[in-house]
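Here's the structure, in C-alpha cells; my notes come after.
Just the heavy atoms: all of them, side chains too, but no hydrogens, waters or symmetry mates, feed the values below. Because the structure is a prediction, the values reported are computed rather than measured.
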Amino acid sequence: MNAANTSFMILSSILVLFMTPGLAFFYGGLVSKRNVVNTMLSVFVMTGVAIVLWIMVGYSLSFEGDIHGIVGTLDNFFMNGVKLGTLTATKIPTGIFSVFEMMFAIITPALFVGAVVGRIKFNFLLVFLILWSILIYYPMVHLVWSPNGLLAGLGTLDFAGGTVVHINAGITAFVLSAFLGKRIKFGDKPHTHYNLPWVLLGTAILWIGWYGFNAGSALGVDNIAAQATITTTMSTGTAMVTWMILDMIISGKPTLVGVCTGTLCGLVGITPACGFVTIAGSFWIGMFSTFASYFFVNYLKDRIGVDDALDAFGCHGVSGIVGSIFTGLFATKAVNPIVSHNGLFYGGGWHQLGIQVFATLVTIVFVSIAATIIIKVLGLIMPMRVDRKEEEIGLDKGEHGEEADYTVDISNDMDAYQSDMNMYAKEFRGQMAGLNSPKTPGPRDHLSRAV
C-alpha cells in the first residue's frame, strides 16, 4: 500500500460524499418554501440507497467481469470474492477504490432530482433511482471507466465524469421533466427562492468537494492530481465571472443565483477534461461551458417547453456536453501521457474530437432510451406525479408531513406578524396593568416593581 495515495483517496472519498449534502442545500435554497423538505430529502436519501446498491450489485456490474463491453457481471454480488486488500496500479487497496467510486454513485442520481422537484411522487422517484442506478449508471461506468468498456476501448477521455456523471444525469433530468409536464405554478420563480444564503452555502460545499471529485480521479498523489486541481480552479473562477458579466450586460444586474449557477457550470465543464488539459484549456472550457448553459437556460429552455425546475439539464447536461467535446480540442500528452491523440488545438487532428463527439452522442442516445423505458414501465405500476391539490399545498406537507421552518410564514408576511405581547395580551394584563395606568397600590405591587 502506498500510504500517501491511500490517505489521499480516503480524503477524496470524504470530499465527494460531502458534495451530496452540499447539493441538498443548493437545491433546497432554490425551491419554494412548500418543497424544501421534499427536495433535500430526495437528494440526501441517495447516500443510503446508493451505498447499499453499490455494495450489493454496483461494484460488480461496474468493474468486475464483462458482458460485450457494456456492463460487468453479478459474479461478485455483495462484493463476495472481491479481495479488498488487493492493490491497484496506484498502490491503493481495492476496497478504498470501491468506496471512492461509490461516492460518484451517490451524487450522480442526486443531480437530476433538481429537475423534478415539486411535482413527482417520492415513491416513484425512489424506485426510479434504484432502477436507474442498475440499468443506466453502472453500465455507463463500465462503458467508460472499465478497461473492458466499449467507449474506453475507443479511446474516450473522461477524467472524472463528463459522460458518466453530468451528461448522464442531465439527459435523465430532461427526460423526467418531459414526462412529468410543467408545474401548476410554473413561472412563479425566482422571487420564490426559499433561502439564497443556502444556495451560496451549497455552492461553496460543492466547489470544495469537487476537488475530491476531480483531483481524486487521478487515484493518487501525482502531477496529474495537481493539474486537475489547478484546472478545476481556473475553469470555475472563469465560469463564475463569465455568468456574472453576462447578467450585468444582458439583465443589468449581477445576481447571487447567477454567480452560483456559473460556478457550477465551470465545475461541470472541466470535469471530463481536468486531468488532460492545460490551464489555458481550462479557461476556455469554463468560459464556453458557461456561455452555452447561460443561453440555454435563458433563451432556449422556454422555447423547448420542458419544465426543468432547477436547470439540472441546463447546467449539468449542457456544460457536460461542452466539456466532453472540448476535451477533444484541448487534451494534450504534455499534461497526461495517457492521451493517445492530442486534441485538435494541439496538433492531433480530428481524431480525438471525433471520439469525444461519438461518446457524447452514445451517452445521450443510450440514457434517453433507457430512461424512457424505465419511466414508461414504472408508470404502469405506480403514479408518477402528485395530484393537483398536493402540488398546490406543497410536497413537504403532502409527501412527508413536515415543514422546513415554522417561522417562514411570519418572516415572509410581516403584516401578519404579532408579538407574544399582542398574541397573549390577556395573560400579561395582570402583571403589566400597573405600568399602563395609575391605580391604588395592592398587596402584590412589590412583585410588579421587582419584575
Met9 and Phe97: side chain to side chain contact (heavy atoms under 4.5 Å, CB included), yes or no, with the steps? CA-CA 8 Å; Met9 292 313 299; Phe97 170 74; over 6 Å; no
Hits for salt bridge (charged side-chain N to carboxylate O under 4.0 Å, His left out) against Asp311, two or more places apart or cross-chain, chain-then-number order -> Lys301
What one should report as the nearest heavy-atom pair of Gln356 and Gly155 is OE1-O, 4.3 Å
- Item | Main-chain N/O of Leu395 paired to Asn35 side chain as donor or acceptor, under 3.5 Å | yes
*Is Ile338 atom CD1 crowded by more than 12 heavy atoms from other residues, nucleotides or ligands, each under 6.0 Å away?*
no
Between Thr90 (side chain only) and Gly220 (backbone N and O only), is there a donor and an acceptor less than 3.5 Å apart? no
query = Is it true that atom CD1 of Ile304 has more than 12 heavy atoms of other residues, nucleotides or ligands lying nearer than 6.0 Å?
reply = yes
Phe112 vs Leu129 side-chain heavy atoms within contact, under 4.5 Å
yes
So ring-ring contact (aromatic ring centres under 6.0 Å, His included) across residues 34-54, not counting sequence neighbours, yields Trp54-Tyr138
* Does any non-hydrogen side-chain atom of Glu101 lie less than 4.5 Å from one of Tyr59? -> no
Exactly one candidate in Thr233, Thr229, Thr232 meets side-chain hydrogen bond (donor to acceptor under 3.5 Å, both in side chains) with Tyr211; the answer is Thr233
Donor-acceptor contact present, side-chain Thr156 to main-chain Ala152, <3.5 Å
no
| Is there side-chain contact between His316 and Ile167, with heavy atoms separated by less than 4.5 Å? | no
Practice prompt. Using the side chain to side chain contact (heavy atoms under 4.5 Å, CB included) rule, take Leu15 and Phe213 through it: C-alpha gap first, then chi angles, then the decisive distance, then the call.
Written response: CA-CA 7 Å; Leu15 285 172; Phe213 202 84; over 6 Å; no
How are the rings of Phe295 and Tyr299 set to each other: parallel, tilted or perpendicular (split at 30° and 60°)?
parallel
Sorted by chain and number, sequence neighbours left out, salt bridge (charged side-chain N to carboxylate O under 4.0 Å, His left out) with Glu391 holds for Arg385
Are any of the side-chain heavy atoms of Asn80 and Asn76 separated by less than 4.5 Å? no
Scan side-chain atoms only and decide if Thr47 and Thr20 contain a donor-acceptor pair under the 3.5 Å cut-off.
no
Handout entry: Polar side-chain atom of Thr94 near backbone of Leu84 as donor-acceptor pair, under 3.5 Å
Key = no
Close side-chain approach of Thr73 to Asp66, heavy-atom, < 4.5 Å: no
Nearest heavy-atom contact between Met103 and Leu17 is SD-CB, 3.7 Å
Result block: side-chain N/O donor-acceptor pairs under 3.5 angstrom for residues 366-380, not counting sequence neighbours:
from, atom 1, to, atom 2, distance (Å)
Ser368, OG, Ile364, O, 2.6
Thr372, OG1, Ser368, O, 2.7

Treating Ser324 as the side-chain partner and Gly320 as the backbone partner, does any N or O pair qualify as donor plus acceptor under 3.5 Å? no
#### Entry: Heavy-atom side-chain proximity of Phe326 to Phe288 below 4.5 angstrom
yes
Sequence neighbours excluded, the answer for side chain to side chain donor-acceptor pair (under 3.5 Å) partners of Arg388 is Glu392
Review point. Any side-chain heavy atom of Arg119 within less than 4.5 Å of one from Asp307?
Key: yes
Polar side chain donor-acceptor pair, Asn38 to His400, under 3.5 angstrom
yes
Checklist entry - In terms of ring plane angle, is the pair Phe128 and Phe124 parallel, tilted or perpendicular, where the classes change at 30° and 60°? => result parallel
Sequence neighbours excluded and cut-off under 3.5 Å, please list the side-chain donor-acceptor pairs for residues 248-270, or say none.
from, atom 1, to, atom 2, distance (Å)
Ser251, OG, Asp247, O, 2.7
Ser251, OG, Lys253, O, 3.4
Thr255, OG1, Asp247, OD2, 3.1
Thr255, OG1, Gly258, N, 2.9
Thr261, OG1, Val257, O, 2.7
Thr263, OG1, Val259, O, 2.8

Are side-chain heavy atoms of Trp243 and Ser293 found at a separation under 4.5 Å? yes
